[in-house]
Amino acid sequence: MGSNGVQALITNLALTVARVLQVCNFCLTKSRRSRDSESTPGTDNGSGEEEEALRRDSESTSRADNLSCEEYDVFLSFRGPDTRNGFTNCLYHRLRDAGIHVFFDNEELRVGKEIGGELLKALDKSRIYIPIFSKGYAHSSWCLREVAHMVERTSTSDGKKEILPIFYDVDPKDVKLKTRLYRKVMPRHKKKFGSDNLKQWESALAKVAQIRGWDLKGKGQGELIESIVEVVCRNLNARHVIVTDNLVEDNAQMEAIMKLLDVGSGGVRFVGIHGMGGVGKTTLAKVMFNKLSSHFERCSFLEDVRASSQSHGGLLELQKKLLIDLAGHGIANQIKDVDGGIKMIKKALSNKELLIVLDDIDKKEQLEKLAAGKSDWFCSGSRIIITTRDKSILMTQVGSSSKEILNQPKEISCYEVCEMRFELALHLFYKHAFKNNPVVEEYAECSKEIVSAVGKLPLAIVVIGSNLFDWGKDLGHLDKREIWDETLKKLKEGPFKDVRDTLMISYERLEDKHQEVFLDIACFFINTDRTYPVIMWKDCGYYPGIAMRILTQRSLIKIRDDNRFWMHDQVRDFGRYIVRQVYPHKFCRVWIHEDALKLLEGKKRNEDVVALSLTFDGCSRSIACEELAALPALPNLRFLRAKDINFFGNFENLLSELRWFSWEITQMKFYEGSFHFANLVVLDLSRSDIGDDWDGWSHIQTTNKLKVLDLTDCTKLRRTPDFSNFTSLETLVLARCSNLLTIHPSISKLQLLETLNVKGCSSLGELPEEVCSLQSLKQIVMPQNFQLLKLPKRVGNLKSLLSLELSEHPKVCQLPDSIGGMANLTYLSLHGCVGIKELPSSIGELKMLATLQISTLGIAELPDSIGNLKKLRVLLLCRTKIKEFPRTIGGLEMLEILDADRSWDLTDKNLEEIGKLFHLTTLNLAFTSVSRLPPEISRLHLQKLEVGSIELRQVPALPSSLKFLAVQALDFSLVPHPSSITDLEHLELQRFSNSTNIPRSTWQDYHSKVEAAMLREQPSYQLPSRLSVLKLRGISPLPHFSNLINLTVLHVIDCAISHLPINLGLTHLRKLFVRRCKSLEKIPGLSLLRSLERLELKGLNRLVEIQGLSELESLQYLLLSSCDLIGQLPNLSKLGKLQHLELEACPNLRAIEGIEGLESWVLDSHGRTILERLLDVSRSTWLSHRLPMYDVFLSFRGRDIRFSIVNFLHYQMLQDRISVHSDDDDSRSNERIGEEILQALANSNIYIPVFSRNYASSYWCLRKLTHMVKCTTESKGKRRILPMFYDVEIDDVKLETDLYKSDLDKHQTNFDHSEVKAWKEALIEVAAMSGFILRNNSYGEVLQLVTEEIYKARKLLDVDS
């Protein structure tokens, strides 16, 4: 593979894991704080609030989400010392990684007795509250206040808010105050907070404890976090854009737009929403996007197109954002210019049904280069929504440029946003002026006058309402009324024509420093990451944390999820009006090209200029020092942005107040005589065309105060500059310096450096040893790639490092012995580092280590020194080759989670040591070779236990504390009766069978053991009545259900039963999943499940009808798959709540009866049909799309490539909503291809065999290949094989070399001659097909080509149907 191919391959691989890297490094940059605010003296005095504000301000750059008081999806409440650095941190960043906006609260950082300010705003504006109950939770009055506030807000939210509790190391009965744990703590609060508060807190605890949430003692942390994220995403509808909680929907306008969109019909439709600024166009587009997004294959909402496209390269970045959303990073990264972007958009998006919103278009060029203005760029069924203030932009022909398309409009359908109806405008004002409080009758008339005065313009209403609430919340009635009257008077002084007059009222109430921050954002920093502006403002003494909080509260700015500033265009225009027209700020900031030229050419003194942008968009311009000196010396300039600029002369002492210099250099030659910036704190040279020999390096050495040096995307840089004089540097960013080979040894001088970012430095094979001397370093953002990465030998010298994340680096072979020196390391992850065969004994010296993630390593044993990790709480050993626990494992006295899932070779040796782990709450020994559990286990207070082995013979009495139990065994007569575990809530029972996937190492005698076990009669259980979730797999006979009155979820899988007995005990069941019960003929009593919301029936070959389905009045989701004999569904007219109907491979099923809108629907008998109803728009409006059972069947030799191309393809295709069956030959336990695999082969559109060096040694791979050839031949061109040549040549697969030929010769001795002959013919035939050679194609290119073939195949499926 050439160097370019390697670079592209590595870059695309890095993109798939970049967010994980970002999360894990960001997770541990937060400052440690040990003081408890409630026990600190003096926090209740008058200065407490001010001190808190200033202290919080100092943290503004590290607590990324907390300072923004915009809407939050989730509010996390927890007791810091209990969970902050472990479970809560992981949950927080996993939620963020899923695109969920989280308020990360920490009660240790609170002072005072009242909830207010940022915290109150966050509580009010969060949709889901997640309190994490730990043993110390009730010790904190702040935690108790928050819970009480959650209960209050939830009870008045009309179902829009909800509480999802997590019981970390406590039981619900502890939270209900039924035990001494919390009950003994509560009286301590009475003296300080009074009996009324105490009663309120106790009542709130009792109410929340009754809510069904998650019990950590009943689940492993990883599994639990994924479950939480899944539920939260589902409850939030993750494919959404944030719309204010104070939304007032105008149903009439939405219906009108829905009519124009005509979703479900053919053709491509463009709908333009136009109107004046601030009238609500974007909000309306967001609401429509959120309602419709789940009905399209891919969606993209491009916000602020006008603002984003103004900067140089802005349109290119928008094209990339569009392609990232709709086709993935691999596609987006291939475009280099706008013309290339146009071609790629047409190429990559023409086969997908898309929903696109282009928000705030102000030029036709933007439409032409983002959506081409032509319908044949997109697949039929796609919808493009455009918002603009200029209706003329919508007067564009969008018909096909090449051919006539049925039902294709030739013009953009236009909709002008109507003036808000008065009652809706008044309702909107009430929501902002009174928040959740009841409307005071005395203010009703004044409210009406204010709404009339601002012309019912939504933006003005929101701004005025928010300000009135903010100004009056701490005032008495008379003072508050005076504020209202004064506001109304100002609005009435003249006819309201522009929102500027309204915004001026808010602006004038800002402090001077807050005004400076507001004007900076309006002129320069919209859509800009806030990190660098905050550093500049801090150095100027502007207290940016307080300023941003005030600006956010008053609806003047928002801080988006990606940490960037957002500002409404009307607010932006107002801020720029202040700068250009109003003294004393007139021309204090210059951002327009022409104005900058006039300023330089005028040579007039202007001491007011504090910020200047000199960007000439490709037209190089030279600036002599005399031009700046004539101003004279711009004594107050603190921000300078320059691009395509060359400076001449001596600039020493001319820019003494400059704090931030952003210079994108396009010429290597340096002309300055002297550049001396005494107060510079941020130097941003990103995207500069400079190399190692740039003359400017020596001139910037004098910036002694520099805190940030950003060299992002300096791709010509092969070696960093000398850092000797940058001794104040705290952040060094070298991201995506793709040719960087060496970091200068002088990095050792940066003793204040806290963050080193080398993400995307794909040529950097090692970190220099000098990095190990950085005593302040807390965060290293590592390059993620699959090439060899060498760690410094002295890496253990990084005493301040909090986290080391090396996940998915398969070529890392060992950890340095010095690693034990990382005195403050709390998190170490080596997940997927399969090259590491042993851990150094020095790992036992990591005294602060709390989490050790070493799953999927090549290690066969743990060092005895691991027993010295006295603070270790989580030890993850999944999918390793270890054969025994070390005898010292009992020394992990604080261990709470021990997970060895699928470590198949793990035996009983030293297992009794687990009995010493008295803090252990979760133990996972599923799919191991453990034959017995030691009796000591019954003494533990386990909450979750998973155990499974074909050797399992001895299970002692289980702990009564269990909430979650999962057992896999051959013979359940050896397992204790679970009915005695009275608090058990989640039970999973799986019986091993011949269809169970197990590794080859356990094949010996497996089938004979299974057959012997099948002859033994199995017990029939009476299950614990508190069960809420029950999963049964391969169990027969079924246990009794009659007493399971609390059961909400039931799974019945692979059970040999003829009928599923439903009785009155299951009346509270919400979800029922029945799969692959091949003998099942009927489900009597189904009609009793009146609370059932989800029903999935899959692979029920003998089920003829679904009796009682028509009576399930609560049913919302129905899935039927591979139910061959079902010919007709009962009349479904009573299913008024049904929203999702999915039908897959039911060949005999005829039309659906009883549902309005589906009477004449023609079903697809082979693929997958998904129907979804928009209940809130029209009961007869159903959206549909058809999919195959699987788009792609991936076949590969697991041991060769599991962690490379297969992992990348599988993950990216799932992200693109492409269904994948990924079949690893190493997981097969028998010689024949099972029915599940045959069905997957028969119902896939694209087959991808990944040929690696050991592929032909697997008869499983060869058998599947022959089936692929057979299915492709029989499909008559509708299915395709796309071979992938991973590390072999085409000639190898053609059997023209010895590589595969020798494997087939060996097979001749074990298999029938005719079968081996068929394998040979299949290999030769597939080798001749067009496919991918990995040395010629990057991973991203492979993904793009595969995706194109998938959508071609889907089109054939639609035509055939």
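Worth knowing before you read on, the calculation uses all heavy atoms, side chains too, and leaves out hydrogens, waters and symmetry mates.
Rounding to the nearest 0.5 Å gives a distance of 5.5 Å between CZ of R572 and CD1 of I526. Between the NE2 atom of H274 and the CG atom of L394 there is a distance of 6.5 Å, given to the nearest 0.5 Å. Taking CD of Q515 as the reference point, atom CG of L551 lies at 10.0 Å (rounded to 0.5 Å). Note that CG of N679 is 4.5 Å distant from CZ of R659, once rounded to the nearest 0.5 Å. Separation of atoms CG (L322) and CG (L358) is listed at 7.0 Å; rounding is to 0.5 Å. Here the CD-CD1 distance, from E508 to I578, works out to 8.0 Å after rounding to the nearest 0.5 Å.
Screening residues 512-525 for salt bridge (Lys or Arg N to Asp or Glu O under 4.0 Å) gives E516-R589, E516-R638, D520-R589, D520-R638 as the qualifying pairs, with residues at least two apart or on separate chains.
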> Hey, mind stepping through M548 and V534 against side chain to side chain contact (heavy atoms under 4.5 Å, CB included) and telling me if it holds?
Replying inline: CA-CA 9 Å; M548 289 187 294; V534 164; 3.6 Å; yes
>> side chain to side chain contact (heavy atoms under 4.5 Å, CB included), that's the test. Do Q319 and I335 meet it? Break it down for me.
In response: CA-CA 9 Å; Q319 288 179 330; I335 65 172; 4.0 Å; yes
> Do T731 and T531 pass the side chain to side chain contact (heavy atoms under 4.5 Å, CB included) test, and can you show the C-alpha distance, the side-chain angles, and the key distance before you say yes or no?
Replying inline: CA-CA 11 Å; T731 299; T531 305; over 6 Å; no
> Should I273 and V417 be marked as a side chain to side chain contact (heavy atoms under 4.5 Å, CB included) after you check the CA-CA gap, both sets of side-chain angles, and the distance that decides it?
Replying inline: CA-CA 7 Å; I273 303 173; V417 179; 3.3 Å; yes
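Proximity of L488 to C446: side-chain heavy atoms (C-beta onward) are separated by under 4.5 Å at one or more points. Considering only heavy atoms from C-beta on, I450 comes within 4.5 Å of W484 through its side chain. Looking at E303 and K286, their side chains come closer than 4.5 Å, going by heavy atoms from C-beta outward. Side-chain contact check for I342 versus E368: every heavy-atom pair is 4.5 Å or farther apart. Residues I385 and F289 form no side-chain contact, since every pair of their non-hydrogen atoms from C-beta on lies 4.5 Å or further apart. Considering only heavy atoms from C-beta on, V609 stays 4.5 Å or farther from N636 through its side chain. Counting only heavy atoms from C-beta outward, the side chains of L370 and L302 approach each other to under 4.5 Å. In this structure the side chain of F422 reaches within 4.5 angstrom of the side chain of K448, judged on heavy atoms.
A donor-acceptor contact shorter than 3.5 Å is absent between the side chain of S662 and the backbone of R641.
For K321, the salt bridge (Lys or Arg N to Asp or Glu O under 4.0 Å) partners are D325, not counting sequence neighbours. Taking the salt bridge (Lys or Arg N to Asp or Glu O under 4.0 Å) definition, one finds that R383 meets it with nothing, sequence neighbours left out. Listed by chain and number, the residues in a ring pair (Phe, Tyr, Trp, His ring centres under 6.0 Å) with F524 are F639 (sequence neighbours excluded). For the side chain to side chain contact (heavy atoms under 4.5 Å, CB included) test, residues two or more places apart in sequence or in another chain that qualify with R509 are W471, I483, E486, R554. Remark: D684 pairs with no residue by the salt bridge (Lys or Arg N to Asp or Glu O under 4.0 Å) rule, at least two apart or across chains.
Proximity of the aromatic rings of F525 and F565 is defined here by a centroid distance below 6.0 angstrom, and this criterion is not met.
Contact between S688 and E664 at its shortest, heavy atoms only, is OG-CA, 3.5 Å. Listed here is the closest heavy atom pair of A285 and T387: CB-CG2, 3.7 Å. Across I535 and V682, no two heavy atoms sit closer than the pair CG2-CG2, 3.8 Å. For the residue pair L261 and M288, the shortest heavy atom distance occurs at CD1-CE, 4.3 Å. Scanning all heavy atoms of the two residues, the minimum distance from H432 to S466 falls at ND1-OG, 3.4 Å. In plain terms, the two heavy atoms of G575 and A522 that are nearest each other are CA-CB, 4.1 Å.
A salt bridge links E365 with K369: the closest approach of a Lys/Arg side-chain nitrogen to an acidic carboxylate oxygen falls below 4.0 angstrom. Salt bridge D713/R736: present, at least one basic N to carboxylate O contact under 4.0 Å.
For K364, the NZ atom is densely surrounded, since the number of other residues' heavy atoms within 6.0 Å is greater than 12.
Between D710 and S686, the side chains place no donor N or O within less than 3.5 Å of an acceptor N or O (distance only, hydrogens not considered).
Taking the six-membered ring for Trp and thresholds of 30 and 60 degrees, F574 and F518 have ring planes inclined between 30 and 60 degrees apart.
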